[in-house]
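Right, one structure below, let's go through it.
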Amino acid sequence: MKGVIFDLDGVIVDTAKYHYRGWKRLAEHLKVEFNEKKNEALKGLSRRDSLIALLGYTPSESRIREWSDIKNQFYLEYIQEINREDILPGSLRLLEEIRSVPDFKQALASSSRNAGTVLEKLNLAEYFDAVVDGNEVIKAKPDPELFLKAAAKLNIKPERIIVFEDAASGIQAAGSAGMRAVGIGKLENLSGADLIVRDLSEIDLAKIKKLFIETVVV
Ligand code: BG6
Ligand code: MG
């Protein structure tokens, strides 16, 4: 048995842009400089860690709560209208292909506490043998906890798993978990990945099997 673990935001669904918009709007409100380049470092982090990274310092707990809640309200507002057209190219085909073979299992592992809402809105939960989100872990990415928990739920060893990630923190988490990683996006943001593709339309089961043979987990 082998496993595939997918990140959600920016890998399966085009929601990374809504997280960015939410942070950008909060940054404007707080008069903090923020742009897409700075946002790369926030991808995959928990809401709390993202806020601290955006600010460049750790504010009081009450401020953390207040500002995180504001960003989350913006995000919830943006995702209210999402539908299956927001699913990224190649995702559904790959999820269906993996689901159709008996010797592969697939999981979703997202730092987001809103992952369940997104999966539900788009009817995606049925594809996964296991789901782990930000509500279930103490440490989000780059800590390996999310991926190790997903591996445990699948009952598959880390070295028999490939992770698909669009965030540098996610590639790092996969490495720390002892898993292979495919980066979705640009090399400059995803060094450390075993393979980098534009989106999941460039991946099929044959390529996944090849990756298991050609790459060694260190
Ligand atoms: C990750 C996103 O999936 O979830 C981050 O890449 C986001 O951008 C994080 O900050 C936490 O999400 P949420 O929905 O719990 O605020
Ligand atoms: Mg992501």
Side-chain angles (χ1 to χ4, degrees), residues 3-27 29 36 39-40 42-51 54 65 67-100 104-137 140-141 145-147 149-151 153-154 162-167 169-170 173-174 182-185 197-203:
V4 178
I5 300 179
F6 294 97
D7 171 48
L8 178 68
D9 300 316
V11 171
I12 303 275
V13 187
D14 199 9
T15 37
K17 66 182 183 203
Y18 296 131
H19 281 294
Y20 170 61
R21 275 187 213 169
W23 289 123
K24 175 89 179 143
R25 206 163 137 193
L26 179 74
H29 174 73
E36 278 195 66
N39 184 59
E40 278 306 318
L42 269 61
K43 284 185 181 172
L45 305 186
S46 69
R47 199 179 304 164
R48 178 195 169 88
D49 290 346
S50 300
L51 175 68
L54 179 144
R65 223 170 306 123
W67 292 338
S68 302
D69 284 352
I70 294 176
K71 185 272 175 177
N72 196 48
Q73 277 161 26
F74 293 153
Y75 180 69
L76 290 176
E77 181 187 315
Y78 298 141
I79 63 163
Q80 215 173 352
E81 301 290 313
I82 58 168
N83 57 60
R84 282 177 75 104
E85 283 177 16
D86 294 288
I87 296 173
L88 286 163
S91 308
L92 281 182
R93 183 204 33 81
L94 185 60
L95 289 170
E96 269 159 21
E97 189 182 8
I98 296 172
R99 190 174 55 170
S100 72
F104 268 83
K105 281 190 185 173
Q106 55 193 352
L108 185 105
S110 168
S111 295
S112 174
R113 291 172 181 264
N114 294 301
T117 306
V118 173
L119 290 182
E120 203 180 304
K121 269 180 176 288
L122 305 184
N123 254 317
L124 289 172
E126 52 162 323
Y127 287 100
F128 301 103
D129 300 296
V131 174
V132 188
D133 68 21
N135 297 300
E136 286 176 64
V137 293
K141 300 163 192 174
E145 190 181 351
L146 272 158
F147 291 144
K149 205 157 193 173
K153 282 193 185 183
L154 293 178
I162 293 181
V163 170
F164 287 88
E165 257 295 347
D166 69 321
S169 63
V182 175
I184 310 287
V197 294
R198 199 186 55 241
D199 57 41
L200 292 177
S201 64
E202 292 179 35
I203 299 290

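Note that the structure is predicted; figures quoted are calculated from it, not measured.
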Could you check whether any side-chain heavy atom of [X] comes within less than 4.5 Å of a side-chain heavy atom of [Y], counting everything from C-beta outward?
X: Val132; Y: Val137; result: yes
X: Asn72; Y: Arg47; result: yes
X: Asp7; Y: Val163; result: no
X: Val118; Y: Leu124; result: no
X: Val11; Y: Ile184; result: yes
X: Leu76; Y: Gln73; result: no

Does Phe147 have Lys149 sitting over its ring (NZ/CZ under 6.0 Å from centre, angle to axis within 45°)?
->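 Judged by the rule (NZ or CZ under 6.0 Å from the ring centre, within 45° of its axis), Lys149 is not positioned above Phe147.
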
Could you tell me whether the side chain of Gln106 and the main chain of Leu95 form a donor-acceptor pair under 3.5 Å?
->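 Such a contact is found between Gln106 side chain and Leu95 backbone.
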
Keeping the roles fixed (side chain from Lys141, backbone from Leu146), state whether a donor-acceptor pair exists under 3.5 Å.
->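 No: the side chain of Lys141 does not pair with the backbone of Leu146.
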
Minimum heavy-atom distance [X]-[Y], with the two atoms named:
X: Trp23; Y: Ser50; answer: CZ2-CB, 3.3 Å
X: Lys121; Y: Ile82; answer: CD-CG1, 3.8 Å
X: Ser201; Y: Arg198; answer: OG-NH2, 4.1 Å
X: Lys105; Y: Leu154; answer: NZ-O, 3.3 Å
X: Gly44; Y: Ser111; answer: O-OG, 2.5 Å

Does a sphere of radius 6.0 Å around CD in Glu126 hold more than 12 heavy atoms from other residues, nucleotides or ligands, not counting ones at 6.0 Å or beyond?
->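 Above 12, so yes.
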
Residues, nucleotides or ligands: over 12 heavy atoms within 6.0 Å of Glu96 CD =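 Yes.
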
Can you name the side-chain hydrogen bond (donor to acceptor under 3.5 Å, both in side chains) partners of Tyr78, sequence neighbours left out?
->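 Testing Tyr78 for side-chain hydrogen bond (donor to acceptor under 3.5 Å, both in side chains), a comparison that skips the adjacent residues, returns Arg25.
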
Candidate pair Lys43 and His19, rule side-chain hydrogen bond (donor to acceptor under 3.5 Å, both in side chains), full reasoning | CA-CA 9 Å; Lys43 284 185 181 172; His19 281 294; over 6 Å; no

Salt-bridged, Asp129 to Lys153, with N to O below 4.0 Å?
->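 Here Asp129 does not pair with Lys153 in a salt bridge, since their nearest N and O are not under 4.0 Å apart.
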
Salt-bridge test for Lys24 and Glu36: reply yes if a basic N is under 4.0 Å from a carboxylate O, no otherwise.
->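 Not counted as a salt bridge, because no side-chain N and carboxylate O are separated by less than 4.0 Å.
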
Full working for side-chain hydrogen bond (donor to acceptor under 3.5 Å, both in side chains) between Asn114 and Asp133 = CA-CA 8 Å; Asn114 294 301; Asp133 68 21; over 6 Å; no

Would the Phe164 and Phe6 ring centres measure less than 6.0 Å apart?
->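 Ring centres of Phe6 and Phe164 closer than 6.0 Å.
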
Apply side chain to side chain contact (heavy atoms under 4.5 Å, CB included) to Val131 and list each qualifying residue two or more places apart in sequence or on a separate chain.
->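 Leu108, Leu119, Phe128.
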
Taking side chain to side chain contact (heavy atoms under 4.5 Å, CB included) as the test, write out the residues that go with Asn123, two or more places apart.
->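 Asn123 satisfies side chain to side chain contact (heavy atoms under 4.5 Å, CB included) with Arg84 once adjacent residues are dropped.
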
From [X] [atom1] over to [Y] [atom2], what is the distance, rounded to the nearest 0.5 angstrom?
X: Asp166; Y: Ile12; atom1: CG; atom2: CD1; answer: 10.5 Å
X: Leu42; Y: Leu51; atom1: CG; atom2: CG; answer: 9.0 Å
X: Asp86; Y: Asp14; atom1: CG; atom2: CG; answer: 6.5 Å
X: Ile162; Y: Ile98; atom1: CD1; atom2: CD1; answer: 9.0 Å
X: Ser169; Y: Glu40; atom1: OG; atom2: CD; answer: 10.0 Å
X: Ile203; Y: Ser91; atom1: CD1; atom2: OG; answer: 11.5 Å

Going through the checks in order, is the side chain to side chain contact (heavy atoms under 4.5 Å, CB included) test met by Val13 and Leu8?
-> CA-CA 6 Å; Val13 187; Leu8 178 68; 3.8 Å; yes

Decide side chain to side chain contact (heavy atoms under 4.5 Å, CB included) for Trp67 and Lys71; before the verdict, give the C-alpha distance in whole Å, the side-chain angles of both, and the deciding distance to 0.1 Å.
-> CA-CA 6 Å; Trp67 292 338; Lys71 185 272 175 177; over 6 Å; no

Donor-acceptor pair between Asp9 and Thr15 side chains, under 3.5 angstrom =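 Yes, side-chain donor-acceptor contact under 3.5 Å.
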
